[in-house]
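The structure appears right after this line, and notes come after that.
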Amino acid sequence: RSLISISQKKEIMGCLCCRRKKADKGRLYAQTGEQSDLSDAVGLLTQHCFMDDLSSKLILHLSCKDLQQVNPMSPFVVVWLLNKNTKQWELIGQTEVCSNQVSPQFVTSISLKYCFEERQGMKFEIYNKRSESTDLRAQEYLGEAQTYVHSIVGARKSTLEIPIISSKTGTNGALVIFGDQEKERGSSDIVQIEVEGRNFKKNEILLIKILRGKAADSSEMVPIFQSE
């Protein structure tokens, strides 16, 4: 719910609290004496009260299922959003590389602005890392999946599973997308966690992964942090 300042409230009430100056004229006048239509008041009210509700921040958590095994296996996902004006794909994010996994759960999330009145196309390209180069042409292309932002938000539990299509192998597993809409401003807390390990065997390679529930009443988890 948007908050309206005192000055904005007076402006809106000035438009709404109108009277007819003459019966033979259909024009309305604000009590301040300035000419105005009822539509002006409605438009002003809409601008102040509802404009912020037309969009929200959406955070996407990605994972893959049953990718075809290649050696070595180091998949990552590159995410694109379709620009409605230029009709060109724009890069909005990329996950980390998950080594030796055919069903990786990526920790890196993708943030974007969700506009419910727009048809926002999305493309997810899945690659296998073959080079340290930032040029995607140097990596092994595994396939892609396309959908719309509203399809993610409208999916059951905001979780959408779509096939990964490869021109070489056909279907190559599936991409799972969980859309998490950011809460209202001021409703989030910051938690600092300190972790210490003891009595581990020598030469063991250890990492710490933190997961959280998709919802307060859900046992389904998404990874949000993984140590180096």
Side-chain angles (χ1 to χ4, degrees), residues 1-2 46-47 49-68 75-98 101-128 136-137 139-185 187-188 211-218 220-224:
R1 180 179 296 177
S2 300
T46 301
Q47 177 182 357
C49 298
F50 305 115
M51 188 60 68
D52 289 343
D53 296 333
L54 296 179
S55 64
S56 63
K57 183 178 179 181
L58 187 66
I59 302 174
L60 303 182
H61 300 270
L62 307 177
S63 60
C64 295
K65 293 174 61 177
D66 302 324
L67 295 173
Q68 294 182 11
F76 65 97
V77 181
V78 179
V79 185
W80 308 81
L81 185 68
L82 186 64
N83 186 304
K84 67 175 183 178
N85 297 319
T86 64
K87 306 301 180 183
Q88 299 294 318
W89 292 107
E90 296 182 348
L91 178 66
I92 63 170
Q94 178 177 317
T95 69
E96 79 279 10
V97 175
C98 288
Q101 297 185 47
V102 295
S103 296
Q105 285 187 307
F106 300 101
V107 173
T108 304
S109 58
I110 307 297
S111 299
L112 70 150
K113 185 177 181 180
Y114 164 52
C115 304
F116 76 86
E117 79 281 9
E118 296 181 11
R119 191 175 176 87
Q120 298 171 279
M122 296 201 71
K123 179 170 65 172
F124 303 83
E125 293 180 335
I126 295 85
Y127 291 88
N128 190 43
L136 292 176
R137 292 173 294 183
Q139 315 304 332
E140 182 181 9
Y141 176 76
L142 299 180
E144 69 179 53
Q146 294 191 26
T147 187
Y148 294 96
V149 178
H150 69 260
S151 297
I152 302 170
V153 176
R156 184 174 180 270
K157 296 183 179 181
S158 298
T159 303
L160 183 67
E161 181 175 325
I162 47 180
I164 298 170
I165 306 300
S166 170
S167 57
K168 297 180 179 179
T169 61
T171 302
N172 184 5
L175 177 70
V176 181
I177 311 164
F178 167 58
D180 189 14
Q181 294 194 56
E182 188 178 66
K183 306 300 181 184
E184 295 181 2
R185 295 189 184 101
S187 64
S188 299
L211 301 94
R212 71 166 179 83
K214 289 184 177 180
D217 58 348
S218 174
E220 298 181 70
M221 311 292 285
V222 292
I224 58 172

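All of these numbers come straight from a predicted model, not from anything done at the bench. Counting begins at 1 with the first residue of the sequence.
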For the student: nearest non-hydrogen atoms of Phe178 and Thr159, plus distance: CD1-OG1, 3.5 Å
Any side-chain heavy-atom pair of Met122 and Ile152 under 4.5 Å: yes
Set of residues satisfying salt bridge (Lys or Arg N to Asp or Glu O under 4.0 Å) with respect to Glu144, sequence neighbours excluded: none
Rounded distance (nearest 0.5 Å) linking atom CD of Gln88 with atom CH2 of Trp80: 10.5 Å
Sidechain-backbone polar pair: Asn172 side chain, Gln68 backbone, donor-acceptor under 3.5 Å: yes
Minimum heavy-atom distance Cys64-Ile164, with the two atoms named: SG-CD1, 4.2 Å
Side-chain donor/acceptor of Gln120 to backbone N/O of Leu81, under 3.5 Å: no
N/O donor-acceptor pair under 3.5 Å between Glu140 side chain and Asn128 backbone: no
Heavy-atom closest contact (Pro75 atom, Gln101 atom, distance): CG-O, 3.5 Å
Leu142 and Ser166, any side-chain heavy atoms less than 4.5 Å apart: no
Point-to-point distance, once rounded to the nearest 0.5 Å, from CD1 of Ile110 to CG of Leu58: 11.0 Å
Reported NZ-to-CD distance for the pair Lys113 and Glu118, which is rounded to 0.5 angstrom: 8.5 Å
NZ/Lys123: more than 12 non-hydrogen atoms of other groups inside 6.0 Å: yes
Side chain to side chain contact (heavy atoms under 4.5 Å, CB included) assessment of Val79 paired with Leu62: CA-CA 10 Å; Val79 185; Leu62 307 177; 3.9 Å; yes
Donor-acceptor under 3.5 Å (Ser109 side chain, Ile59 main chain): no
Ring geometry between Tyr127 and Tyr141 (parallel below 30°, tilted from 30 to 60°, perpendicular above 60°): perpendicular
Steps toward side chain to side chain contact (heavy atoms under 4.5 Å, CB included) verdict (Thr147, Phe124): CA-CA 9 Å; Thr147 187; Phe124 303 83; 4.0 Å; yes
Minimum heavy-atom distance between Asn83 and Glu90, given as atom pair plus value: ND2-OE2, 2.6 Å
Phe76 side chain near Pro104 side chain, heavy-atom distance below 4.5 Å: no
Point-to-point distance, once rounded to the nearest 0.5 Å, from CZ of Phe106 to CG of Leu60: 13.5 Å
Straight-line distance of Glu161 CD to Arg156 CZ, nearest 0.5 Å: 13.0 Å
Straight-line distance of His150 NE2 to Leu160 CG, nearest 0.5 Å: 10.0 Å
